[in-house]
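Whatever order the structure lists ligands and atoms in, that order sets their numbers, starting from 1.
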Amino acid sequence: MDNENKNREHWGSRLGFILACLGSAVGLGNVWRFSTTAGENGGGAFLIVYLLIVLIIGLPVVLAEFTIGRKAQSDVVGAFEKLAPGKPWKIMGYMGVATGFIILSFYSVIAGWVMKYFFGYVTGAIANVPGQDFTSYFTSFIGQRYEPVIWQFIFMTLTIGVVIAGVKKGIEAANKLLMPLLGVLLVVLSIYSLTLGGAKEGLTFLFYPDWDKLFDPQVILAALGQAFFSLSLGMGTLITFGGYLSREHKLPSAALSVGLLDSSVAIISGVLIFPAVFAFGQDPSSGPGLVFMTLPNVFEQISAGMLVGALFFFLLFAAALSSSVSLLEVTVAYFMRKLQWSRKQTVVLIGGIIFLLGIPSSLAQGAIPITVMGRDFLTFMDQLSGNVLLPLGGVIIALFMGWAWKKEEALRDSDLGNTWVGNVWIWIVRIIAPLAILIIFLNKIGIIE
Ligand code: VAL
């Protein structure tokens, strides 16, 4: 081990690493974005394509990111500089940093909404919503000029605080307790949601595919973007986290656990949300507000609903925080090395800039009509990252793993070895994943939708 490696922070245990990756993967993507995207893209068909993509493209690329990160023991740009000096692969590193920036800018806006709801339940404000009209409550809140930005600011400040505390203390500790708790609450709530009268329609919507939509380029691209977003793929996070991993940890099982658990959380939150959507006569394709307009109706029915609502939004906030921490970490790890600044200085500067970049996303929800290419600013940033930057990042990572490494080394460094799984994996990253992503793109070319 060279000096740099010895001085690098490392995960306390293998479980700590898996939990941190899970903490990164499981977030608003699984609950807020999954329900929005599944709702807008027809439910069942979307789900099938999404799961296929996770399995065939997602998991192999997760393993590639882990392998690159652990081998290089560096940040996302440094990793490519180190493993392929003087070659253009490091463009991927810069893309990862840029994507982390963009995603966190609007992610913190939504996380701010989650915090507002948490406090709404703690203080009882949501109990007093006139006529239980949660749709108006939500739209009038996000349409305000200042309040959502203040929540976004508070959320970014917390993210900055955790990232300053460093890798182990900050991220590992909280995840060990809160992630399992969120899982349990989601399961309990989804069982309850099935009793509300919309079970049949909700489950049909989520699980029964409209076969025509299965081949709809829009649905396929949306599923690809969602798979990458949810797995934290193509944004440099898993390379950065792999960089804090020492040699003795095994990668394939870690990739599998992260992929399976992440997708399970998405499906369970679908089982919670869609039956409720139908039970309360809402429209599944009503966009980014779906969770915020639907779930308060569910909590309203429960006798200890205020408490359960508070707990739910608290855990969702915690999941969002561990994801946002991972996004900020990507950028900070790079700039810390590049600028030779302290962790604290770098985190405050970068976190501050990301906060500013997020403000137009917040204002575009009603206060000031900021649109790009016919979409409100938040939706534009979301689709730019999900439908363009992340899949593109995936292509580069897969090609890098498949072609810039010798096959034997790739198999050894990924811990797969010269097994049949290893050989399948290598051909997926060499050809199948990049080709599949390119075909999906070409199908949809010129349109970010
Ligand atoms: N993967 C996370 C999520 O699904 C973030 C990092 C985008 O919320």
Side-chain angles (χ1 to χ4, degrees), residues 18-38 50 53-54 58-59 61-62 65-66 76 95-114 155-156 159 162-163 171 174-175 178-179 182-183 186 222-242 255 257-270 273 288 291 313 315-333 354 358 361 378 381-391 393-394:
I18 294 183
L19 283 172
C21 292
L22 257 182
S24 169
V26 176
L28 298 175
N30 306 60
V31 181
W32 159 73
R33 200 178 190 280
F34 177 80
S35 56
T36 304
T37 321
Y50 165 77
I53 290 177
V54 167
L59 288 181
V61 183
V62 169
E65 283 208 22
F66 283 172
V76 63
M95 254 179 61
V97 172
T99 313
F101 243 86
I102 292 177
I103 295 182
L104 188 50
S105 75
F106 68 82
Y107 202 85
S108 54
V109 173
I110 315 284
W113 301 351
V114 171
F155 182 79
M156 270 316 288
T159 305
V162 177
V163 177
I171 313 175
N175 282 336
L178 299 179
M179 298 295 296
L182 176 66
L186 277 176
L224 179 72
Q226 176 60 23
F228 272 70
F229 190 98
S230 193
L231 289 169
S232 296
L233 263 189
M235 51 184 94
T237 312
L238 303 181
I239 294 183
T240 307
F241 275 16
S257 325
V258 173
L260 289 181
L261 284 165
D262 184 63
S263 306
S264 312
V265 176
I267 295 175
I268 297 167
S269 57
I273 292 160
V291 167
F313 281 106
L315 293 174
L316 189 57
F317 151 77
L321 188 63
S322 57
S323 299
S324 65
V325 159
S326 75
L327 287 168
L328 187 54
E329 181 67 30
V330 172
T331 322
V332 164
I354 293 176
S361 286
L378 191 154
M381 293 297 250
D382 183 15
Q383 295 187 345
L384 172 68
S385 49
N387 294 355
V388 181
L389 296 172
L390 296 181

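If you number the atoms of ligand 1 from 1 as listed, the ones under 4.0 Å from a heavy atom of N30 come out as 4 (O). Taking every heavy atom of S230 and a limit of under 4.0 angstrom, the matching atoms of ligand 1 come to 1 (N), 4 (O). Set against the non-hydrogen atoms of S232, the atoms of ligand 1 under 4.0 Å away are 1 (N), 2 (C), 6 (C).
Note that CG of L389 is 4.5 Å distant from OG1 of T99, once rounded to the nearest 0.5 Å.
Classified by interplanar angle (parallel below 30°, tilted 30° to 60°, perpendicular above 60°), the ring pair F317/F155 is perpendicular.
Looking at V61, V258, V62 one by one, the single match for side chain to side chain contact (heavy atoms under 4.5 Å, CB included) with L238 turns out to be V62.
You'll find the side chain of M381 reaches within 4.5 Å of the side chain of S105, heavy atoms only. T237 is not listed as a side-chain neighbour of E329, based on a closest heavy-atom distance of 4.5 Å or more.
Here F229 has heavy atoms under 4.0 Å from ligand 1 in both its backbone and its side chain. Under 4.0 Å from ligand 1, the heavy atoms of A25 that appear belong solely to its backbone.
Checking S232 against S24 by side-chain atom types alone, a donor-acceptor pair falls below 3.5 Å.
Of the candidates S24, C21, G27, G29, the one placing a heavy atom closest to atom 2 (C) of ligand 1 is S24.
Checking only distances, L28 does come within under 3.5 Å of ligand 1, N or O to N or O.
The shortest contact between atom 8 (O) of ligand 1 and any protein heavy atom is with Y107 OH, 2.5 Å.
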